[in-house]
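Reminder, nothing fancy here: chain letters follow the sequence lines and each chain counts from 1.
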There are 2 protein chains.
Amino acid sequence: MILIVIIFVTIKNITTFVINMNNTRFATIIHILTLLAKNPGEWMNSDWIAGSINTNPVIVRKELGVLQEQGWVTSRKGKDGGFILNISSDEITLAELYKVVKNSDVLGKKNLNPNPQCPIGKDINKNLETLFTETDDLVFASLQRKTLKSFMEQF
Amino acid sequence: MILIVIIFVTIKNITTFVINMNNTRFATIIHILTLLAKNPGEWMNSDWIAGSINTNPVIVRKELGVLQEQGWVTSRKGKDGGFILNISSDEITLAELYKVVKNSDVLGKKNLNPNPQCPIGKDINKNLETLFTETDDLVFASLQRKTLKSFMEQF
DNA sequence: CTTAATGTAACAAAGTTTGTTACAAATATC
DNA sequence: GATATTTGTAACAAACTTTGTTACATTAAG
C-alpha cells in the first residue's frame, strides 16, 4: 500500500495576519549585564560579548553606551580595554532594565485620530490609556521585585 | 507499507517573536467590539466602523475576519449587510482579545543563537523563557479579570 | 438588473530594527 | 614615538513589520 500525500500549503502575505513586534533589546542588555556581573573586575570587550550573544560588536557597543548613561557600566578604550560593571548587581532591578528599552505599552499603541463625533471614538483613547497604564504598571511591579543579581545567580 | 508524505510548505516572511506590541491591533479590535456591543442587533458596516476608528475599511474587515474565526462576530454580505456581535459582551475577556492579537512575549524576543560554549550563552534562553513566561502570565491574569462588557460600560 | 456590502489577494508605502562599514580617539606596550 | 588594540559613533544598508490601497469576485436585497 502506497499512500502518497501531497500537502501543498501556500501562505501568502502572512504578516497581514500575524502580529509581530520584533525587538531583542531586553534580551541583549540582560545578556551583556549578566556576563559583566559574572566576571567582576574583568574588562570584557565588545567582540567577546558579541560572540556570546551571537550578534555584532557594534550593536553591543551601542547598547553598552546606553548602559553607561545609566551609570551601570564603565568603559576603557585602547589595548586591554573593555567594559566592567560599575555597580552591585543587586542594585539593578529588571524593571530598570525594561525601562531603558521599552518604547511602547504592553498592549500596543492607540489609533491616532479616532472620530471625536462618535461616542466611542471620542473617549476610546482615554479609556485605553487607563487600561494600558494599569497593565504596564503590573509588569513594572513584577520586574521591580527581580534584580540582575537574582537573574545572574541562575547560571 | 510505504508512506510517502510530501509536505511542501511555502511560507513567505514568517517571523518569530516580539517585544512591546508596536502596533495598534489591540486598540483596533477592542474599538470594533465596543462599537458592536454598544449597538446590539444593528448590522454595522466596515465603512462606518472605519470612520469611527479613523482607519481603512479593509483593515477593519480583515480584523473582523479574525473576530469571526473566534465566533464573536457574524457578518452578512450584500445590501444592508455588515457585522453584529454574536455573543454576550460579558463572555469575552480582554485576555481573549489580547491572545488573538499577541504573537510575542511582553519582554520581547530572544536572540536566536547564543553561543553554546559560553556558560551564559548556553543557558540564557532557558532562563529568559522562564522570565518571559512569568511576565506574560501576569498580564494575561490581569486581563482575564476584565470583560468587554466592563470596558464598554465606561462609554 | 442594480446597488451595496463582505472577502481577500496583491501590492505599495511607511516605519522600525538590526547589521555593516568606516574611521577618529584613546590607551597599553614595546 | 610607533604600533596594535579597543571604544565611540556616524552614516548607511538590509531586513523585517505594520498599515494602507486597489481591485475585483462573491453575495444579497429590492
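Note: Phe140(A) and Tyr98(A) have tilted aromatic rings, judged against thresholds of 30 and 60 degrees for the angle between ring planes.
For DNA chain D, the neighbouring residues in residues 59-73 of chain A, judged by any heavy atom under 4.0 Å, are Arg61(A), Lys62(A), Gln68(A). Residues from residues 39-55 of chain A placing a heavy atom under 4.0 Å of any atom in DNA chain D, listed by number, are Asn45(A), Ser46(A).
In this structure a side-chain-to-backbone donor-acceptor pair under 3.5 Å is missing from Lys146(A) to Leu131(B). Judged by distance alone, with hydrogens and angles left aside, the side-chain atoms of Asn45(B) form a donor-acceptor pair with the main-chain N or O of Asp47(B) at under 3.5 Å.
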Sub-3.5 Å pairs of nitrogen or oxygen atoms, protein against nucleotides 27-29 of chain C:
residue	atom	partner	partner atom	Å
dT27(C)	O2	Lys79(A)	N	3.3

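Distances from the side chain of Arg25(A) to the nucleotides dT18(C), dT6(C), dT8(C) place dT18(C) closest.
Counting only residues at least two apart or on different chains, the side-chain hydrogen bond (donor to acceptor under 3.5 Å, both in side chains) pairs with a member in residues 48-58 of chain B are His31(B)-Ser52(B).
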Original post:
Can Glu129(B) and Thr133(B) be said to form a side-chain hydrogen bond (donor to acceptor under 3.5 Å, both in side chains), step by step?
Top reply: CA-CA 6 Å; Glu129(B) 178 62 27; Thr133(B) 299; 3.0 Å; yes
**OP:** Report the C-alpha distance between Glu134(B) and Ser142(A) in whole Å, list the side-chain angles of each, state the deciding distance to 0.1 Å, and finish with yes or no for side-chain hydrogen bond (donor to acceptor under 3.5 Å, both in side chains).
**Re:** CA-CA 9 Å; Glu134(B) 188 183 331; Ser142(A) 168; 4.6 Å; no
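Using a 4.5 Å heavy-atom threshold, the side chains of Asn23(A) and Val101(A) count as separate. Considering only heavy atoms from C-beta on, Leu143(A) stays 4.5 Å or farther from Thr93(A) through its side chain.
Regarding contacts with the backbone of dT17(C), a side-chain N or O of Asn103(A) is found under 4.0 angstrom from either OP1 or OP2. For the OP1/OP2 pair of dG8(D) and a distance below 4.0 Å, the side-chain nitrogens and oxygens of Ser75(A) include at least one atom meeting the criterion.
Taking CD1 from Ile124(B) and CD from Gln154(A), the interatomic distance works out to 9.0 Å, rounded to the nearest 0.5 Å. Note: Ile49(B) CD1 to Ile59(B) CD1 = 13.5 Å, rounded to the nearest 0.5 Å. Separation of atoms NZ (Lys109(A)) and OG (Ser104(A)) is listed at 6.0 Å; rounding is to 0.5 Å. A distance of 10.0 Å separates CG of Leu33(B) from CD of Glu63(B), quoted to the nearest 0.5 Å.
Helix bend of the helix from dC1(C)-dG30(D) to dC30(C)-dG1(D): the angle between its two end axes, each built from five pairs, comes to 10° after rounding to 10°.
In this structure, the CG atom of Asn23(B) is 15 Å from the C1' atom of dT17(C), given to the nearest Å.
Looking at residues two or more places apart in sequence or on another chain, you find a salt bridge (Lys or Arg N to Asp or Glu O under 4.0 Å) between Lys149(B) and Glu153(B).
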